[in-house]
Number of protein chains: 2
Amino acid sequence: MPTIYDVAALAGVSPATVSRVLNGIPVSLDRAQRVRDAAEALSFTPNRAARTMRNRHSEIIALVIPDIENPFFTAIARGVEDVAQSAGFSVVLCNTDDDTAKEARYLSIAVSENMAGVILASADPSVDLSRLQRLDRPIVAVDRVPLGWLIDSVVLDSAAGGRDATEALYAQGFRRIACITGSPSVPNSAERADGWREVVHRHGDDNETYLRHSNSRVEGGRAAMHELLSLASPPDAVFVANNLMGVGALQALADAELTPKDVGVAVFGDLPSSVRPPTDVIVIPQQTRRLGESAARLLLERIDGDTEPARTIVLPSVPREPHAKSV
Amino acid sequence: MPTIYDVAALAGVSPATVSRVLNGIPVSLDRAQRVRDAAEALSFTPNRAARTMRNRHSEIIALVIPDIENPFFTAIARGVEDVAQSAGFSVVLCNTDDDTAKEARYLSIAVSENMAGVILASADPSVDLSRLQRLDRPIVAVDRVPLGWLIDSVVLDSAAGGRDATEALYAQGFRRIACITGSPSVPNSAERADGWREVVHRHGDDNETYLRHSNSRVEGGRAAMHELLSLASPPDAVFVANNLMGVGALQALADAELTPKDVGVAVFGDLPSSVRPPTDVIVIPQQTRRLGESAARLLLERIDGDTEPARTIVLPSVPREPHAKSV
DNA sequence: TTGTAAGCGTTATCAG
DNA sequence: CTGATAACGCTTACAA
């Protein structure tokens with residue numbers, strides 16, 4: 001593995017000059033050319049570990065997500081990658097499997113590898129970020145905001161998602177609208193239910209018995225939907241708070257040999273592309289990719305030395321309206 | 001960020017002693033304890049960049065895959081992670097999006113970051129691995145074997161998969177069995193078709209007009225299935241060579257308001273968990289997770305200094321039979 | 001066993 | 001503009 005010393009020797013210049021050429025610092029034209037030729041000849045690539053050590057941080061961003069199999073998070077990853085790569089950073093994905101210990105491990109690695117920054121969708125609302133904060137390492141929360149830390153965050157407008165979905169069901173003539181969401185202790189889940197409740201009340205209804213908190217994945221949605229369908233007086237429609245639960249709810253519907261024509265279904269979030277939603281399912285799209293893009297931009301600013309107070313970006317749920325309408 | 005010098009000062013020992021404790025090299029008991037206490041007190045974590053530079057390689061394995069949204073690859077990732085983590089290595093995922101340039105970029109980063117090794121499912125059968133080979137960096141190919149390089153590889157038994165699926169269809173009484181597979185220039189695709197052809201011939205049939213090469217993802221499977229269904233004399237069953245194409249084929253079937261009872265379907269590979277296969281679909285499972293585990297084990301051996309000639313491991317398609325039967 | 005010191009490959013400072 | 005030189009934090013001969 002050649003070093004800048006080898007390149008310098010071959011080019012007949014000092015190592016410092018090689019470093020300058022590599023980093024775009026002005027150098028006389030002929031020397032620059034000699035360096036480039038020499039580097040080419042040796043197929044030299046800078047040793048990033050050395051560079052990291054010297055610079056105090058690498059050119060790598062860690063994206064720590066709970067479930068690599070959930071298209072919601074992989075879409076975020078796409079957004080992050082796009083922005084990061086065009087700024088010259090690479091993104092590595094760290095899959096925590098919703099396991100707190102694994103997450104802690106990856107966070108620790110990000111620190112000790114001197115990665116440029118971390119974008120985190122935490123498995124644990126009460127994750128400990130003290131070390132990252134103390135060391136002043138750039139970190140941005142995406143989709144899930146850890147409690148009690150002043151950090152940049154980017155989230156979807158969950159309440160609006162719940163409202164929009166529920167309104168859409170009312171607009172189609174449904175009246176007894178249920179809600180399937182995740183644990184009430186998770187802000188996203190709670191806010192989506194709040195949005196649903198708000199609209200239900202506005203229409204003069206009170207469907208609190210139709211509210212189901214369940215595990216946020218497919219099985220949870222499925223189980224909750226089964227429950228709702230077996231009520232003495234079942235709902236005529238349901239708002240489902242996320243994509244995977246949506247898949248589960250549709251499965252339960254199919255199990256009961258029903259379709260979204262029989263029982264209305266509105267899902268907040270795009271279904272996995274391998275799932276073909278039956279016709280008439282209402283999908284309230286999420287700006288998932290933009291979630292990643294915004295997080296990456298925020299992070300890049302911090303890496304660049306921005307020291308503004310922590311910001312929170314709430315992305316509106318309506319596509320084609322990237323920015324909230326201002327007055 | 002404290003260094004071993006800080007720890008050493010606090011513990012009243014030399015930096016070398018700190019390093020020894022950290023690396024499990026024998027040190028007198030009381031000193032060891034003092035070092036641990038000091039490290040604890042400073043919440044010290046070794047700087048991995050420095051360690052990497054000194055040791056010539058890090059404790060990180062890069063897993064480079066073409067599509068993070070395909071459960072086939074994420075299952076591999078699980079297997080890799082399990083084995084790697086229990087050996088003290090961390091895994092970072094690099095998503096190439098089947099983009100040759102992105103892949104080259106990640107491979108280059110793996111080298112210049114001095115990562116311990118690379119597990120690669122390449123987007124490009126003729127990927128250039130000369131640099132990795134020249135620098136003697138451990139690399140293992142998984143699922144997709146790059147052409148022309150002597151490197152360790154782990155693959156599924158594609159021909160057996162094709163045979164098993166086709167046999168299963170014959171066993172259910174189907175006779176005009178089609179095959180939907182990927183590009184003939186991709187070994188996996190070709191071999192799966194070979195397996196199908198072998199069984200078809202063995203049954204005295206010749207269904208070559210029922211062979212469809214298509215793009216290896218959902219759309220490809222769907223388009224191919226549509227084509228087959230619209231033939232003047234359509235097949236009565238179809239073998240589909242991978243999971244995503246399987247999803248597409250099932251979609252096409254549903255489009256035509258048919259079920260796998262009408263047209264038999266056998267898929268080599270588990271369908272995404274968000275897809276509920278209609279009853280009667282035959283799924284020939286793949287040992288996907290084990291694919292990752294084996295690749296990781298192979299890689300770890302190389303990292304450990306193993307210099308045996310390159311090996312190729314072919315995993316049998318039958319589950320519960322991890323090892324090929326020996327005589 | 002323990003400490004001292006050199007060196008891994010870069011970049012930044014400081015003279016020239 | 002250019003070159004020597006000193007770090008960056010860690011491991012490992014080598015000496016004690």
Side-chain angles (χ1 to χ4, degrees), chain A residues 1-36 38-39 42-60 88 108-116 135-137 305, chain B residues 1-36 38-39 42-60 88 108-109 111-116 135-137:
Chain A
M1 188 92 152
T3 74
I4 53 171
Y5 281 81
D6 302 316
V7 177
L10 185 58
V13 302
S14 77
T17 297
V18 176
S19 175
R20 291 189 182 106
V21 173
L22 260 38
N23 291 289
I25 293 166
V27 147
S28 74
L29 254 51
D30 64 320
R31 279 163 181 277
Q33 194 51 52
R34 295 209 317 268
V35 168
R36 272 190 288 270
L42 298 171
S43 64
F44 164 84
T45 324
N47 180 323
R48 300 171 79 118
R51 184 177 269 181
T52 294
M53 179 164 156
R54 174 68 217 207
N55 290 348
R56 323 302 298 263
H57 72 81
S58 76
E59 241 70 61
I60 292 186
S108 165
I109 288 176
V111 170
S112 61
E113 286 282 348
N114 293 304
M115 293 189 183
L135 296 174
D136 209 34
R137 297 308 179 85
Chain B
M1 190 89 151
T3 73
I4 53 171
Y5 283 82
D6 301 316
V7 177
L10 185 58
V13 301
S14 77
T17 299
V18 176
S19 174
R20 291 187 183 109
V21 174
L22 260 37
N23 292 289
I25 294 166
V27 147
S28 73
L29 254 50
D30 63 322
R31 278 161 185 275
Q33 195 50 53
R34 282 186 359 240
V35 168
R36 272 190 289 270
L42 298 171
S43 64
F44 164 84
T45 324
N47 180 323
R48 299 170 80 118
R51 182 177 273 180
T52 294
M53 179 163 158
R54 177 67 218 217
N55 290 348
R56 321 304 296 264
H57 73 80
S58 77
E59 240 70 62
I60 292 185
S108 165
I109 287 176
V111 170
S112 61
E113 286 280 349
N114 293 304
M115 292 188 184
L135 296 173
D136 208 34
R137 298 308 178 87

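In what follows, chains carry the letters A, B, and so on, assigned in the order in which the sequence lines appear, proteins first and then strands, with residues in each chain numbered from 1.
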Flag, side chain of [X] to backbone of [Y], donor-acceptor distance under 3.5 Å:
X      : Y      : answer
A/N55  : A/H57  : no
B/N23  : B/R20  : no
B/R137 : B/V111 : yes
B/S112 : B/S108 : yes

Shortest side-chain distance from [X], nucleotide among [options]:
X     : options                : result
A/S14 : C/dT10, C/dG3, D/dG3   : D/dG3
A/M53 : D/dC8, C/dT1, C/dT4    : D/dC8
B/T3  : D/dT12, D/dC10, C/dA12 : D/dC10
A/R54 : C/dT2, D/dT5, D/dC8    : D/dC8
B/V13 : D/dC10, C/dG3, C/dA12  : C/dG3

Output the rounded distance in Å from [atom1] ([X]) to [atom2] ([N]).
X     : N      : atom1 : atom2 : result
A/N55 : D/dG9  : CG    : C1'   : 14 Å
A/I4  : C/dC8  : CD1   : P     : 12 Å
B/E59 : D/dC10 : CD    : P     : 14 Å
B/L22 : D/dC10 : CG    : C1'   : 10 Å
B/N23 : D/dT12 : CG    : P     : 7 Å
B/H57 : D/dT11 : NE2   : C1'   : 13 Å
A/R20 : C/dT11 : CZ    : P     : 11 Å
B/Y5  : C/dT4  : OH    : P     : 10 Å

It should be established whether [X] places a side-chain nitrogen or oxygen under 4.0 Å from OP1 or OP2 of nucleotide [N].
X     : N      : value
B/T17 : C/dT1  : no
B/R51 : D/dT11 : yes
A/T52 : C/dT10 : no
B/R48 : D/dC10 : no

How would you label the contact of [X] with the nucleic acid (heavy atoms, under 4.0 Å): base, sugar-phosphate, or nothing?
X     : answer
B/R31 : sugar-phosphate
A/P46 : sugar-phosphate
A/S19 : base

key: Pair B/N114, A/R48: side-chain N/O donor-acceptor within cut-off below 3.5 Å   =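 No - no donor-acceptor pair under 3.5 Å links their side chains.
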
Closest to the 5' end of DNA chain C, once A/I25 and B/A50 are matched to their nearest nucleotides, is B/A50

Separation between CD (A/Q33) and OG (A/S28), nearest 0.5 Å, reads 11.0 Å

